[in-house]
Amino acid sequence: MEKLRATSSLRRSLKSILNRQLSSVSETRYLNEKRSCQPTFNLIRDHRNLGEANPIRYRCFSSVSTVVQRNPSFSTLNPDDISYFKQLLGEKSVIQDEDRLETVNTDWMHKYKGSSKLLLQPRTTEEVAQILKYCNSRRLAVVPQGGNTGLVGGSVPVFDEVIVNLGSMNNIISFDKVSGILVCEAGCILENLISFLDNQGFIMPLDLGAKGSCQIGGNVSTNAGGLRLVRYGSLHGNVLGLEAVLANGDLLDMLGTLRKDNTGYDLKHLFIGSEGSLGIVTKVSILTPPKLSSENIAFLACRDYSSCQKLLMEAKRKLGEILSAFEFLDIQAMDLVLNHLDGVRNPLPATMHNFYVLIETTGSDESYDREKLEAFLLSSMEGGLVSDGVIAQDINQASSFWRIREGVPEALMKAGAVYKYDLSLPVEKMYDLVDDMRTRLGDLARVIGYGHLGDGNLHLNVSAAQYDDKILEQIEPYVYEWTSKHRGSISAEHGLGLMKANKIYYSKSPETVKTMGSIKKLLDPNGILNPYKVLPHSLNS
Ligand code: FAD
Ligand code: MLT
Ligand code: ZN
C-alpha cells in the first residue's frame with residue numbers, strides 16, 4: 001500500500017517536472033543559508049578559565065582532555081605593538097573595541113572562546129606579510145580567521161592570540177571564461193564567488209551551508225568538503241594554486257593557473273587543510289566547472305539504513321555522471337529541523353520515515369537527464385528501496401528541500417548543547433555507530449545522524465539540554481576508538497582545530513604525525529601560527 005502510494009506520488013511528480021528546469025535553484029538557497037549562519041542562539045557556557053586573568057588552562061565542552069596551557073614563550077601585547085600595527089594598517093584596521101572582539105573571540109557554536117585583545121584586518125598580501133614578520137620577531141601568537149564558521153574551535157584564539165581576519169581582502173582578481181579558472185583574494189565570501197560565477201555561466205565546485213559567511217581562504221585552509229564533493233571532488237583537486245605568507249613574513253607565490261605542473265613538490269597541498277597552522281593563505285586560484293542547464297532535486301524516504309546504502313549504489317550506477325549530491329538525514333534530524341526552524345515543513349508529511357535522502361542531479365541535456373532520473377526513481381521504488389518521495393517542481397520547492405538538510409546544524413544549536421563529530425567511515429558500517437551511541441546514551445541525550453552519504457561522511461551529533469560530563473564520558477573516547485577500529489577518519493571535513501588536536505593519533509600513525517611536526521617546525525619555528533590547534537600539544541611544547 002505504502003509502496004503503491006509512493007509510486008503514484010512519484011509518478012505524478014515525475015510527470016509534472018517534465019519541461020521544467022531548476023536552473024537557479026541555488027539562488028534561493030543562499031538567502032536561507034546566510035540566515036542560518038547567524039548565531040542567534042545562546043548556549044549555556046563557560047565553566048572555563050579563560051584569558052589573561054588566568055592564562056593557564058583552557059577547557060572546552062567538546063573533549064574531556066582539552067586542557068591547554070598558554071605557551072609561556074609567547075609575548076603579550078604592549079602599546080608599542082599597537083602603534084606599529086596602526087602605522088602599518090591605519091587606525092580603522094586595528095580593532096580593540098570590546099564588542100567586536102567578543103564576536104571574533106567566539107566561534108559559531110558558542111563553544112570556544114578566546115580572550116584576544118586585538119583584531120587586525122589587512123587589505124593586502126604585503127600587509128599580511130608585515131604583520132607576520134613583526135609578530136614572529138616579537139613572538140606574538142596569531143590566529144588566522146576567515147568567516148569564523150569553523151566547527152572545531154580552530155578559528156578563534158585559545159588565549160590572547162592576535163586575530164588576523166582576511167575579510168577585507170575580498171577582490172576577485174581574474175576570471176578566464178575559456179578555462180574556467182578563477183583567481184581571487186582569500187577573504188572573498190563563498191556565496192559572493194558563487195553569485196559572480198553564476199553571472200559568468202559557471203559554478204563553484206564547492207558548496208556548503210555556511211556559504212553566506214565562510215571565506216574561500218577558510219575553505220581552502222580547512223579543505224572544506226560540503227554538498228557537491230561527490231561530483232566535483234575535493235579542493236586538493238580543484239585548487240590550482242595559492243599564495244601564502246609564512247610565519248616569518250616570507251611570501252610563497254604558488255598562484256599557478258595550470259592544470260598540469262609537475263615541477264618538484266606541489267607545496268600548495270600543504271596549505272590546503274592545514275587550518276592556518278603553516279601560513280596565511282592570501283590568494284587562491286580555482287578551477288570552476290561550467291553551469292549546466294538542467295538541475296533536479298528529489299527528496300526521498302527510506303525505511304532503513306540498508307535501503308539508503310543500496311540507493312546510493314544504484315544512484316552511482318544509474319545516474320552516473322549527472323549525480324551532483326547524495327545527502328541523508330535520519331528521523332531524529334528531521335524531527336529537530338521541523339521543531340526548531342521556522343517555516344520548514346516535511347515534504348512527505350503523511351508519516352515520519354526513518355531516513356530521508358536528498359538526491360540532486362545536474363546535467364546538460366534536459367530530456368536525457370529527466371529520463372535517467374525517472375528510470376532510476378521508478379526502479380528504486382519497485383525494488384523497495386524508496387518508500388515515498390517527491391521531486392521539486394520549482395525553485396522554491398528545491399530550496400525548501402535543501403533547507404531541511406542544510407538546516408540541521410542550526411536546528412541542533414537551537415535545541416541546546418551539541419557534541420559534534422564528523423567522521424569518514426565505510427558506508428556499510430556508518431550507521432552502526434549511531435545505533436551504538438543510542439544504546440550507550442539511553443535517555444541521557446539524543447543521537448542524530450546525517451551527512452554526505454555519497455562521500456562516506458557521517459555527521460554524528462549528540463544533542464542534550466545542556467553540557468554534562470556524564471554525556472561526554474559516554475561519547476569519548478568511544479567514538480574515536482570505534483572510528484579508528486573501522487579505519488575511518490575522526491575528521492572527514494571539519495578539521496582538527498582545538499577540539500581534536502590531541503586525537504590525531506586515532507587516524508594517523510606516530511611517524512606521520514612526527515613528520516607533520518617537522519614540517520610545522522620548518523615553516524613556523526616559533527610556533528606562532530594558530531598554536532594549540534591541529535597537532536598534538538605534546539609536539540608543540
Ligand atoms: P574559519 O572558521 O574562520 O577558519 C577555519 C580554519 O581555517 C581556522 O583554523 C583558521 O585559522 C583557518 N583559516 C581561515 N582563513 C584562513 C586563511 N586565509 N589562511 C590560513 N588559515 C585560515 N564544512 C565542511 O567542510 N562542509 C560542510 O558542509 C560544512 N557545512 C557547514 C554548515 C554550517 C551551518 C556551518 C556553521 C559550518 C559548516 N562547515 C562545513 C564548517 C565551516 O564552514 C568550514 O570549515 C569552512 O570552510 C570554514 O571557513 P571560514 O572562512 O569560516 O573559516
Ligand atoms: C553539514 O554537512 O551540515 C556541515 O558539515 C555542518 C555540520 O556537520 O553540522
Ligand atoms: Zn558536512
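In this text the structure is predicted, and so the values were computed from the model without any measurement. All values below come from the heavy atoms of this structure, side chains included, with hydrogens, waters and symmetry mates left out. Every number for a ligand or one of its atoms is a count from 1 in the order of the listing.
- Under a 4.0 Å N-O distance rule, the pair K111/D107 does not qualify as a salt bridge.
- Polar contact check, V281 against ligand 1: a nitrogen or oxygen pair lies under 3.5 Å apart.
- Interface of R405 with ligand 2, defined as ligand atoms under 4.0 Å from a residue heavy atom, comprises 1 (C), 2 (O), 3 (O).
- Ligand 1 has an N or O atom lying under 3.5 Å from an N or O atom of T149, backbone or side chain.
- Taking the six-membered ring where the residue is Trp, Y532 and F74 present perpendicular rings, their angle passing 60° and hence far from 30°.
- In this structure, E327 does not count as a contact residue of ligand 2, since none of its heavy atoms falls inside 4.0 Å of the ligand.
- Considering backbone and side-chain atoms together, P144 places an N or O closer than 3.5 Å to an N or O of ligand 1.
- Remark: ligand 1 and C214 share no N or O pair separated by less than 3.5 Å (distance only, no angle test).
- Within the structure, ligand 1 lacks E406 among the residues with a heavy atom less than 4.0 angstrom away.
- Residue contact check: P409 has heavy atoms under 4.0 Å from atoms 3 (O), 6 (C), 7 (C), 9 (O) of ligand 2.
- With values rounded to the nearest 0.5 angstrom, L242 atom CG is found 8.5 Å from S285 atom OG.
- Residues I475 and Y421 have side chains in contact (heavy-atom distance under 4.5 Å, counting atoms from C-beta outward).
- Looking at G154 next to ligand 1, an N or O pair under 3.5 Å apart turns up.
- A heavy-atom distance below 4.5 Å is not found between the side chains of K420 and D422.
- Between atom CZ of residue F175 and atom CD1 of residue I181 there is a gap of 9.0 Å, rounded to the nearest 0.5 Å.
- Taking any N or O of L166, backbone or side chain, none lies under 3.5 Å from an N or O belonging to ligand 1.
- Taking only nitrogen or oxygen atoms, main chain and side chain alike, G225 reaches within less than 3.5 Å of ligand 1.
- Among H452, M413, K420, the residue whose heavy atom sits closest to atom 9 (O) of ligand 2 is K420.
- Contact annotation: the side chain of Y478 approaches that of M437 to within less than 4.5 Å [non-hydrogen atoms, C-beta and beyond].
- In plain terms, the two heavy atoms of K500 and V152 that are nearest each other are CE-CG1, 3.8 Å.
- With a 4.0 Å heavy-atom cut-off, ligand 2 is reached by no atom of E406.
- Here's the thing with N219: one of its N/O atoms is less than 3.5 angstrom from an N/O atom of ligand 1.
- Of all the heavy atoms in I504 and P536, the pair that sits closest is CG2-CD, 3.6 Å.
- Y450 OH, 3.3 Å is the protein heavy atom nearest to atom 7 (C) of ligand 2.
- For a threshold of 3.5 Å applied to N or O pairs, the pair formed by N461 and ligand 2 contains no separation below that value.
- Contacts of N530 with ligand 1, taken as heavy-atom pairs under 4.0 Å, involve the side chain alone.
- If you look at L151 next to ligand 2, the close heavy atoms, those under 4.0 Å, all belong to the side chain.
- Contact check for F196 versus M204: no side-chain heavy atoms found under the 4.5 Å cut-off.
- The minimum heavy-atom distance linking L425 with G488 is given by the pair CD2-CA, 4.2 Å.
- Heavy atoms of K533 found under 4.0 angstrom from ligand 1: none, in either backbone or side chain.
- Note on E410 versus R403: salt bridge recorded, some NZ/NE/NH1/NH2 to OD/OE distance being below 4.0 Å.
- Between V164 and Q145, the closest side-chain pair of non-hydrogen atoms is not below 4.5 Å.
- Taking distance alone, with nitrogen or oxygen atoms compared against 3.5 Å, L208 stays at or beyond that limit from ligand 1.
- Looking at every heavy atom in both residues, S274 comes nearest to V534 through O-CG2, 3.9 Å.
- The distance cut-off of 2.8 Å around the Zn ion (ligand 3) captures these protein N, O or S atoms, sorted by chain and number: H452 NE2, H459 NE2, E493 OE2.
- Short contacts between ligand 2 and H459, defined as distances under 4.0 Å to a heavy atom of the residue, involve ligand atoms 1 (C), 2 (O), 4 (C), 5 (O), 8 (O).
- Side chains of F271 and V220 form no contact here, defined as non-hydrogen atoms less than 4.5 Å apart.
- At the shortest separation from atom 5 (O) of ligand 2 among protein heavy atoms lies H494 NE2, 2.7 Å.
- Side chain to side chain, D435 and Y305 fail the donor-acceptor criterion of an N or O pair below 3.5 Å.
- Not a single N or O atom of D207, backbone or side chain, sits closer than 3.5 Å to an N or O atom of ligand 1.
- Remark: the S155 side chain and the N148 side chain contain an N/O donor-acceptor pair separated by less than 3.5 Å.
- If you look at Y356 and Y450, their ring centroids are not closer than 6.0 Å.
- A heavy-atom separation below 4.0 Å is not found between G497 and ligand 1.
- At least one heavy atom of G279 lies less than 4.0 angstrom from ligand 1.
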